[in-house]
> 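Got a structure here, written out as structure tokens. Questions coming.
Both backbone and side-chain heavy atoms feed into the values below; hydrogens, waters and symmetry mates do not.
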Amino acid sequence: MFQIPRGTRDFTPEEMEKRRYVESHMRSTFTSFGYREIQTPMFENLELFTAKSGEGIIEEIYAFKDKGGRDLALRPELTAPVMRFYVEKLQMEPKPLKLFYFGSCFRYDRPQKGRYREFQQAGCELIGTNTTEAYAELIALAYLLLKNIGLTNINVNIGNLTILSAVFDRLGLSKDQRKHLIPLIDKSLFDDVQTVLSECGLEPKKAQDFVTFLQTSDKEKIKKFVKGDPVAENEFTNLEKMLDLLGSSFQIKNYQIKLSIVRGLDYYKGLVFEIEAPILGAEKQLCGGGAYELVPLFGGTDVPTVGFAIGFDRAILALETEKFSFPKKQLDAFVIPVNEEMIQKSLQLAQILRQNNVTVDVDLLRRGVGKALKYANTLNVKTVLLVGPKELETDSVTLRDMKTGNQELVKISDVLSKVKNM
RNA sequence: GCCUGAGUAGUGUAGUCUGGCAACAUAUGGGACUGUGGAUCCUUUGUGCCGGGUUCAAAUCCCGGCUCGGGCCCCA
């Protein structure tokens with residue numbers, strides 16, 4: 001017996017129905033905002049990812065040599081490939097450029113619930129604008145993508161790395177000190193943050209204020225804290241404008257300012273945000289995004305870029321955890337030939353219906369009407385068409401409504417309209 | 001990479017402590033049944049995660065591995 005590789009999954013027809021449902025809703029949300037879909041290869045040159053994240057990443061991804069000795073890697077995420085695509089071929093497209101994607105990503109991680117070695121991401125990149133309205137629209141899009149698939153309980157957290165960095169500057173913290181602090185901030189270990197700050201020689205009062213600043217979502221408190229720092233002040237004013245737009249234009253109010261959002265990577269700059277579903281516990285983050293600078297790193301002309309990625313599998317997991325009832329696909333009709341002489345006629349009838357956008361299955365096992373009906377029942381079909389000699393004498397078939405059990409004799413010429421109106 | 005729990009027909013479970021029978025439900029195919037049987041009955045198919053050890057005898061006890069779940073690490 002062969003086994004599925006660790007951390008990968010097979011999807012049953014029922015699961016695929018759910019996934020397609022979510023995917024199609026996301027796709028229509030993206031397109032409703034004027035985004036256009038792109039696709040990039042499943043694997044890239046390894047260097048694309050090491051350039052972005054450093055050599056250390058090789059341990060965490062599927063990297064390999066091909067027969068020509070090239071160093072390749074299965075993509076661990078999609079932002080870098082999309083930016084590679086942009087720099088290589090799309091730089092002269094009119095701005096702003098709105099791109100979205102769906103795709104499998106691969107990471108060599110220890111699998112857990114909501115965490116697999118092959119997983120799906122949905123996301124987008126907005127290239128060529130950094131206005132407050134662009135940012136507001138982007139966050140609204142991320143939020144609505146998750147809302148429109150049926151999630152009810154999600155939170156948006158919004159931070160800003162420029163402000164955080166300006167504050168670090170003002171506190172006179174060195175690069176090494178920041179490196180030490182950032183992981184602690186990321187994990188919300190604020191007591192430890194305060195301890196480290198004291199060790200860095202910061203006055204207790206200042207350290208206390210900083211920790212409060214990281215944890216508060218109160219605009220006035222933050223404003224007071226950044227007062228006198230032109231860079232931070234200006235950035236915060238813009239952040240406020242953006243938040244106003246989120247409320248006034250998109251009716252999104254359940255966001256929180258969270259200045260403790262940090263990203264380990266240096267290329268993120270300015271806006272950062274994440275959306276989480278608290279119902280999922282440890283692996284609750286559904287979406288992460290922000291502004292970043294990758295284009296110059298890849299050799300392109302500098303241009304503002306912002307985007308986000310949604311963990312597709314987690315979004316589905318969150319829906320299931322919320323007990324969302326996915327709509328069930330129904331087959332319109334199931335054709336049962338009553339005996340072997342009726343097979344040809346049955347196939348013909350099914351084919352006519354299919355050509356008119358009716359979904360039809362025909363019994364292929366030459367079994368009795370009872371067994372066939374039972375099978376039809378498990379398929380969740382709307383109607384069954386019985387094709388037999390008695391009916392054919394009058395050019396008719398028996399149409400059975402599977403919900404009520406009612407049956408009627410219907411002329412073959414009328415079957416199409418009858419089935420369509422069920 | 002670490003800690004922890006679990007793994008028995010396709011699915012859901014019992015049996016494991018206290019070693020000796022692999023069982024129940026459901027499902028799949030066939031039949032009763034040459035046109036209503038979405039039922040009922042009969043029947044078929046199919047199960048001990050893998051490997052080693054202890055033993056007269058292992059699903060059961062022991063060791064190792066694999067896989068899944070929970071918690072860490074990590075999270076581009």
> Of all the nucleotides listed (B:U36, B:A76, B:C72), which has the minimum atom distance to the side chain of A:Q112?
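The nucleotide sitting nearest to the side chain is B:C72.
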> Can you tell me, in whole Å, how much space there is between the P of B:U44 and that of B:G31?
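Pairwise P distance, B:U44 against B:G31, rounds to 15 Å.
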> Would you mind classifying the nucleic acid contact of A:G7 as base, sugar-phosphate or nothing, using non-hydrogen atoms under 4.0 angstrom?
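Sugar-phosphate: the residue A:G7, judged by heavy atoms under 4.0 Å, touches backbone atoms but no base.
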> Is A:K98 salt-bridged to A:E125, going by a charged N under 4.0 Å from an acidic O?
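Answer for the salt bridge query: no.
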> Rounded to the nearest Å, what distance is computed from the CZ atom of residue A:R115 to the C1' atom of nucleotide B:C72?
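Atom-to-atom, A:R115 to B:C72, this comes out as 10 Å.
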> Should A:R19 and A:D313 count as an ion pair when the cut-off is N to O under 4.0 Å?
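Yes, charged N to carboxylate O under 4.0 Å.
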> Please classify the nucleic acid contact of A:Q285 as base, sugar-phosphate, or nothing, using heavy-atom distances under 4.0 Å.
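Answer is nothing: A:Q285 stays at 4.0 Å or more from every strand.
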> Scan A:I61 against the nucleic acid and name what it touches under 4.0 Å (heavy atoms): base, sugar-phosphate only, or nothing.
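Base, at least one base atom sits under 4.0 Å.
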> When rounded to the nearest Å, what value does the distance between C1' atoms of B:C62 and B:G10 take?
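B:C62 and B:G10 have their C1' atoms separated by 32 Å.
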> Just call it for A:T378: base, sugar-phosphate, or nothing, with non-hydrogen atoms closer than 4.0 Å on any strand.
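Touches nothing.
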> Assess A:R314 against A:F119: is NZ or CZ under 6.0 Å from the centre of the six-membered ring, and within 45 degrees of the ring's axis?
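No, cation not above the ring by the 6.0 Å, 45° rule.
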> Please give the distance between the P atoms of B:U47 and B:U36 as a whole number of Å.
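36 Å, rounded to whole Å.
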> When the P atoms of B:U13 and B:U67 are compared, how many Å lie between them, rounded to an integer?
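Going atom to atom, P in each nucleotide, I get 23 Å.
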> Between A:K390 and A:D401, just flag the one whose closest nucleotide in RNA chain B comes earlier from the 5' side.
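Final value for this comparison: A:K390.
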> For A:L373 and B:G38, what is the distance between atoms CG and P respectively, to the nearest whole Å?
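Distance, rounded to whole Å: 6 Å.
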> Just checking A:E340: base, sugar-phosphate only, or nothing, at a heavy-atom cut-off of under 4.0 Å?
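Nothing, no heavy atom under 4.0 Å.
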> With P as the reference atom in both, quote the distance from B:U11 to B:C68 in angstrom, rounded to an integer.
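Straight-line distance between the two P atoms is 15 Å.
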> Considering Watson-Crick and G-U wobble pairs with both distances under 3.5 Å, what does B:C21 pair with?
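Partner of B:C21: none.
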> Which part of the nucleic acid, if any, lies within contact of A:I336, taking any heavy atom under 4.0 Å across all strands shown: a base, the sugar-phosphate backbone alone, or nothing?
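The answer is nothing, as A:I336 stays clear of every strand by at least 4.0 Å.
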> Using the P atom as the point on both nucleotides, what is the distance between B:G65 and B:U4, in whole Å?
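It works out to 13 Å between them.
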> Within this structure, what is the CG-to-C1' distance between A:N339 and B:C33, rounded to whole angstrom?
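After rounding, the gap between these two atoms is 15 Å.
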> For B:U28 versus B:G7, give the span between their C1' atoms, rounded off to a whole number of Å.
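Comparing C1' positions in B:U28 and B:G7 gives a spacing of 24 Å.
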> Nearest whole Å is fine: how far is B:C75 C1' from A:L78 CG?
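Taking atom C1' of B:C75 as the reference, CG of A:L78 is at 16 Å.
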> Who does B:A6 pair with, Watson-Crick or G-U, both distances under 3.5 Å?
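B:U67 is the nucleotide pairing with B:A6.
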> In this structure, how many angstroms lie between the C1' atom of B:U34 and the CD atom of A:E341, rounded?
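Those two atoms, CD and C1', are 11 Å apart.
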> What is the base-pairing partner of B:C61, counting Watson-Crick and G-U wobble geometry with both distances under 3.5 Å?
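Check on B:C61: paired to B:G53, both distances under 3.5 Å.
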> Decide, yes or no, whether a salt bridge links A:K418 with A:E408 under the criterion of side-chain N to carboxylate O below 4.0 Å.
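Here A:K418 pairs with A:E408 in a salt bridge, since their nearest N and O are under 4.0 Å apart.
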> Could you check which nucleotide pairs with B:G46 in any of the strands shown, counting Watson-Crick or G-U wobble with both distances under 3.5 Å?
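Here B:G46 is not engaged in any pair, so there is no nucleotide opposite it.
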> Using the P atom in both, what is the distance from B:G53 to B:U60, to the nearest Å?
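These two P atoms come out 14 Å apart once rounded.
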> Rounded off to whole Å, could you give me the CD-to-C1' distance for the A:E393 and B:G35 pair?
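Distance check: A:E393 CD to B:G35 C1' gives 13 Å.
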> With the side chain of A:M402 defined as its heavy atoms from C-beta on, choose the nearest nucleotide among B:G35, B:G38, B:G70.
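Minimum distance to the A:M402 side chain belongs to B:G38.
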> Between B:A76, B:G71, B:U36, which nucleotide gets closest to the side-chain atoms of A:R110?
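Per side-chain heavy atoms of A:R110, the pick is B:G71.
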> Closest heavy-atom contact between A:I57 and A:F49?
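Scanning both residues, the minimum pair turns out to be CG2-O, 4.1 Å.
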> Looking at every non-hydrogen atom in both residues, tell me the closest pair between A:A136 and A:M242 and how far apart they are.
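It is N-CG, 3.5 Å.
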> Give a yes or no on whether a salt bridge exists between A:K328 and A:E17, defined as a side-chain N under 4.0 angstrom from a carboxylate O.
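Salt bridge between A:K328 and A:E17, a charged N being under 4.0 Å from a carboxylate O: no.
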> Between the side chains of A:D332 and A:K382, is the shortest nitrogen-to-carboxylate-oxygen separation below 4.0 Å, so that they form an ion pair?
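Counted as a salt bridge, because a side-chain N and a carboxylate O are separated by less than 4.0 Å.
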> Can you figure out which of B:C74, B:G35, B:G38 approaches the side chain of A:E60 most closely?
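Among the listed nucleotides, the one closest to the side chain of A:E60 is B:C74.
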> Quick one: sort the A:F312 and A:F102 rings into parallel, tilted or perpendicular, breaks at 30° and 60°.
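Because their plane-to-plane angle is over 60°, the rings of A:F312 and A:F102 count as perpendicular.
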> Decide, yes or no, whether a salt bridge links A:K18 with A:E320 under the criterion of side-chain N to carboxylate O below 4.0 Å.
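Here A:K18 pairs with A:E320 in a salt bridge, since their nearest N and O are under 4.0 Å apart.
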> Look through every strand shown and name the nucleotide pairing with B:A76 as Watson-Crick or G-U wobble, where both distances are under 3.5 Å.
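No nucleotide pairs with B:A76.
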> Indicate yes or no: does A:D109 engage A:R117 in a salt bridge with an N to O separation below 4.0 Å.
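Not counted as a salt bridge, because no side-chain N and carboxylate O are separated by less than 4.0 Å.
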> For B:G1, does the base pair up with any side-chain atom of A:E59 as donor and acceptor (N or O, under 3.5 Å, distance only)?
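Side chain to base: no pair below 3.5 Å.
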> List, with names and distances, any nitrogen or oxygen atoms from the protein found under 3.5 Å away from nitrogen or oxygen atoms belonging to nucleotides 29-31 of chain B.
from, atom 1, to, atom 2, distance (Å)
B:G29, OP1, A:R367, NH1, 3.4
B:G31, N7, A:K371, NZ, 3.3

> Which heavy atom in A:I149 sits nearest to a heavy atom in A:F324, and how many Å separate them?
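Here A:I149 and A:F324 meet closest at O-CZ, 3.6 Å.
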> For RNA chain B, find the residues of residues 403-410 of chain A with a heavy-atom distance under 4.0 Å and give them by number; none if there aren't any.
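Heavy-atom contacts with RNA chain B come from A:G405, A:Q407.
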> Roughly, in whole Å, what's the span from CD in A:E276 to C1' in B:C75?
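The distance from CD of A:E276 to C1' of B:C75 comes to 15 Å, rounded to the nearest Å.
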> In whole angstroms, how far is the P atom of B:C68 from the CG atom of A:D10?
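Taking atom P of B:C68 as the reference, CG of A:D10 is at 12 Å.
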> Given B:G70, B:G69, B:G35, which nucleotide is nearest the side-chain atoms of A:T398?
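That would be B:G35.
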> I'd like to know if A:E118 and A:R9 make a salt bridge, using a cut-off of under 4.0 Å between side-chain N and carboxylate O.
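Here A:E118 does not pair with A:R9 in a salt bridge, since their nearest N and O are not under 4.0 Å apart.
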> Looking only at the side chain of A:V338 (C-beta and beyond, no hydrogens), which of the listed nucleotides B:U36, B:A76, B:G35 gets closest?
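Out of B:U36, B:A76, B:G35, the nucleotide with an atom closest to A:V338's side chain is B:G35.
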> Reckon A:R6 has a side-chain N or O less than 4.0 Å from the OP1 or OP2 of B:C68?
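So the side chain of A:R6 is within the cut-off, an N or O lying under 4.0 Å from OP1 or OP2 of B:C68.
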